[in-house]
**Student:** 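The structure's right below; bear with me while I get my questions together.
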Amino acid sequence: MAVSGLRVEVGGKEILTGLDLVVRPGEVHAIMGPNGSGKSTLAHVLSGRDGYVVTGGSVSYQCRDLLAMAPEERARAGLFLGFQYPVEIPGVSNVYLLRSALNARRAARGVSEIDAAGFLRLVKAKARLMQMDESFLQRGVNEGFSGGEKKRNEIFQMAVLEPVLAILDETDSGLDIDALKVVANGVNSLRDPARAFVLVTHYQRLLDYIRPDFVHVLAGGRIIRTGDHTLALELEADGYEQILAAASS
Amino acid sequence: MTGNALNQGLEDFIGRGYAHGFVTDIESDTVAPGLSEDVIRFISAKKGEPEFLLAWRLKAYRHWLTLREPRWAKLHHPPIDYQAISYYSAPRATPGLKSIDEVDPKLLQTYEKLGIPLHERARLAGVAVDAVFDSVSVTTTFKDKLAAAGVIFCSFSEAVREHPELVRKYLGTVVPYRDNYFAALNSAVFTDGSFVYIPKGVRCPMELSTYFRINQAKTGQFERTLIVAEDGSHVSYLEGCTAPQRDENQLHAAVVELVALNDATIKYSTVQNWYPGDEEGRGGIYNFVTKRGDCRGANSRISWTQVEAGSAITWKYPSCILRGENSVGEFYSVAVTNNLQQADTGTKMIHIGRNTRSTIVSKGISAGRAQNAYRGLVKILPTAENARNYTQCDSLLMGARCGAHTFPYMEVRNPTAVVEHEATTSRIGDDQLFYCRQRGISTEDAVNLIVNGFCKQVFRQLPMEFAVEAQNLLNVSLEGAVG
């Protein structure tokens, strides 16, 4: 995926002001930045959420114009968004949603629907990986889940859907240390030369468990600094202010 | 999603055609439009009815003349010209068909188009089907098996001929002809319907199913259904209907009476998909139905489950009179309205006996410019010690131009009663749709997913094969509902 010069407005206000980012297969990118820097906007606009007006720049994904694709087309092409605030869908079981999602992807690739037994084996294996009780599978999507359970469920869905590019929006927020480890473990187990991750996060602590190849600092709607995982440690030690000050000077 | 995109999607949804709109070309034996004592005598004579029934019809008619159409419901429609309706029509088939091969092939094709391959379906599902085409029963299956169990399942006309004493004993004892305007009209002019009698201690060996279908221009349909469950018996009855497309409004005023004696259980399920009218509100069925069950015996139970998807107007309150001690009444409802459809539906739970319990779960879905009202009464009489009611009433709105309304009435006249009421109104959220789409699910499938999740509590009450049908019906009804 190549993002170049991306400018995005929300409600007439420019949030992304010319953002550049290149993500290649197998890479793990962390995007860090203070509140209001445009991190979630980036995650949303890449996944095709409504309400964001692209005023400039482009995003190419697998040699296609990502911004011209409907959200479901992007998803079927392997783009996954782990939501910061996953919604509840009462009465729709987790497995039902996942099976619909999986089959929609398969149909897009011209593959026949997954058979019931195969699907059950798959979700059970992934649930074990995420240390989720099997009862979660039959519960309504995020219905009555705690904050931590919702986040874990996002990673579980990611594990089942096996995306090409996973964007995780503040997946670490609201997690206690044990849940954080489970989530990180889930992500690490999915690391693959053909799969890329973009971790959007405010804090460094997720990166204690998932070592990124690149760390980007997002501020004022664009990436002001890029480094390796040590940049995250620097941020943690010095705070955003110093880097922002250095960038603006 | 922007508001405009949402509205555009709704416009697409509104543009959807009615899948069951077609008319079978069969010569009919139809009486001239208009209602009078002569017409009632004609109907009664045509059916070879005993004197008591004609007398009852005439009393009902004379009472009806003194009544006015009810106006309290949240429904609006042009005045109905009762003199413009033809009150009798029958397909010209030779009476007393011995096998399905003798049925008019065109008629069978009609069922095929509706997805009801009668013979196959009945065989596969083990369901006895009493298919009503217009007003006269065409064919009945599985009669022998039922007869062996002592169950009577036949057309109402046949019941009048073969079991007049049962009809006389129970007819009008749950819904008297004086009950309301439409019940009085039905009592005067009903032409056919179904009759079920389950003897003492018998568990009906199969689900009973009837498919009703209107197929005559300017012909109102006035079914009369009576189900009697004797002590300790059990029966599950399914009713499903679809109607072909018509430009003129068609009146449908059915009456259903259920009688459950000691320890008896009646489960009555409906999937209703009458023609709803076009996107401008032209045509469509006016559905004014009176359904009531009488838990007459101790420990009896009556359970109504309905999925109301069709009709331009739905006026329907399947109710339970909880007379027997420890009797239980249940009402599970999904009502879907779209375009200019209007529904005013709900239930009445009348607690008379001690330790009576009732449960109401109502799910209303409104789209387009439709209006959907829940109207329910929970009445606890002084005699009903320790009565319990739980009511849950949820509304789901799709788009910005539809309406959902809730009118819960409670009359509690015994201090030991516990009555609970919960209500929610929600919109299909953009965030829910986006969540599903981000997982790769199309908007249309996402809407279906969310709606079916919303209705799950009710669908669970339906017999398996009906639950699937109901789910399909909703999916078809909501195609392209949100873009």
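Since we're looking at a predicted model, the values are computed, not measured.
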**Student:** Salt-bridged, B/Arg439 to A/Glu154, with N to O below 4.0 Å?
**Tutor:**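 Salt bridge: yes.
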**Student:** Should we count CZ of A/Arg99 as having more than 12 external heavy atoms under 6.0 Å?
**Tutor:**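 Atom CZ in A/Arg99 is crowded, with more than 12 foreign heavy atoms closer than 6.0 Å.
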**Student:** Tell me, yes or no, whether the heavy-atom count around A/Arg191 atom CZ, taken from other residues, nucleotides or ligands under 6.0 Å, exceeds 12.
**Tutor:**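 Check passes, neighbour count above 12.
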**Student:** Taking all heavy atoms of B/Gly440 and all of A/Ala75, pick out the closest pair and write down the distance.
**Tutor:**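 Where B/Gly440 meets A/Ala75 most closely, the heavy atoms are N-CB, 3.4 Å.
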**Student:** Does A/Tyr96 OH have over 12 foreign heavy atoms under 6.0 Å away?
**Tutor:**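 Open: at most 12 neighbouring heavy atoms sit under 6.0 Å from OH of A/Tyr96.
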**Student:** Can you check whether A/Arg49 reaches B/Asp431 side chain to side chain, under 4.5 Å on heavy atoms?
**Tutor:**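 Contact flag for A/Arg49/B/Asp431 side chains = yes.
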**Student:** Taking the inter-plane angle between the rings of B/Tyr435 and A/Phe83 on a 0 to 90° scale, is it parallel (under 30°), tilted (30 to 60°) or perpendicular (over 60°)?
**Tutor:**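 Answer is tilted, since the angle falls between 30° and 60°.
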**Student:** Look at the side chain of B/Gln438 and the backbone N and O of A/Arg74, then say whether any donor-acceptor pair between them is shorter than 3.5 Å.
**Tutor:**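 Answer holds: no.
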**Student:** Identify which part of A/Leu81 has an atom lying under 4.5 Å from any heavy atom of chain B, answering side chain, backbone, both or neither.
**Tutor:**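 It is both, since atoms from each part get that close.
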**Student:** What are the two closest non-hydrogen atoms of B/Cys436 and A/Leu97, and how far apart are they?
**Tutor:**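 So the two residues come closest at SG-CD1, 3.9 Å.
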**Student:** Are more than 12 heavy atoms, taken from residues, nucleotides or ligands other than B/Lys348, located less than 6.0 Å from that residue's NZ atom?
**Tutor:**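 No, because the 6.0 Å sphere around NZ of B/Lys348 holds 12 heavy atoms or fewer from other groups.
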**Student:** Check whether A/Leu79 gets within reach of chain B through its side chain, its backbone, both or neither, counting any heavy atom under 4.5 Å.
**Tutor:**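 Answer is both: backbone and side chain atoms of A/Leu79 are under 4.5 Å from chain B.
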**Student:** Which region of A/Gln157, side chain (C-beta onward) or backbone (N, CA, C, O), has a non-hydrogen atom less than 4.5 Å from a non-hydrogen atom of chain B, or is it both or neither?
**Tutor:**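 Side chain of A/Gln157 only, per the 4.5 Å heavy-atom cut-off to chain B.
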**Student:** Are A/Arg76 and B/Ser442 close enough, and set up right, to give a side-chain contact (heavy atoms from CB on, under 4.5 Å), and what steps lead you there?
**Tutor:** CA-CA 10 Å; A/Arg76 291 170 195 164; B/Ser442 68; 3.7 Å; yes
**Student:** How far apart are the closest heavy atoms of B/Gln432 and A/Val87, and which atoms are they?
**Tutor:**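 Looks like CA-CG2, 3.9 Å.
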**Student:** Please classify the contact of A/Pro163 with chain B as side chain, backbone, both or neither, using a heavy-atom distance under 4.5 Å.
**Tutor:**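 Contact with chain B is absent: no heavy atom of A/Pro163 under 4.5 Å.
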**Student:** Got a sec: does the CD of A/Glu113 have more than 12 other heavy atoms crowding it under 6.0 Å?
**Tutor:**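 Not buried by this count: 12 neighbours or fewer within 6.0 Å.
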**Student:** If I compare all heavy atoms of B/Ile441 with all of A/Ser100, which pair ends up nearest, and what's the gap?
**Tutor:**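 Where B/Ile441 meets A/Ser100 most closely, the heavy atoms are CD1-CB, 3.8 Å.
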**Student:** Does A/Tyr85 have more than 12 heavy atoms from other residues, nucleotides or ligands lying within 6.0 Å of its OH?
**Tutor:**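 Count not over threshold, so no.
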**Student:** Answer whether the closest heavy-atom distance between the side chains of A/Glu72 and B/Thr443 falls below 4.5 Å.
**Tutor:**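 The answer is yes, as the side chains (C-beta and beyond) meet within the 4.5 Å cut-off.
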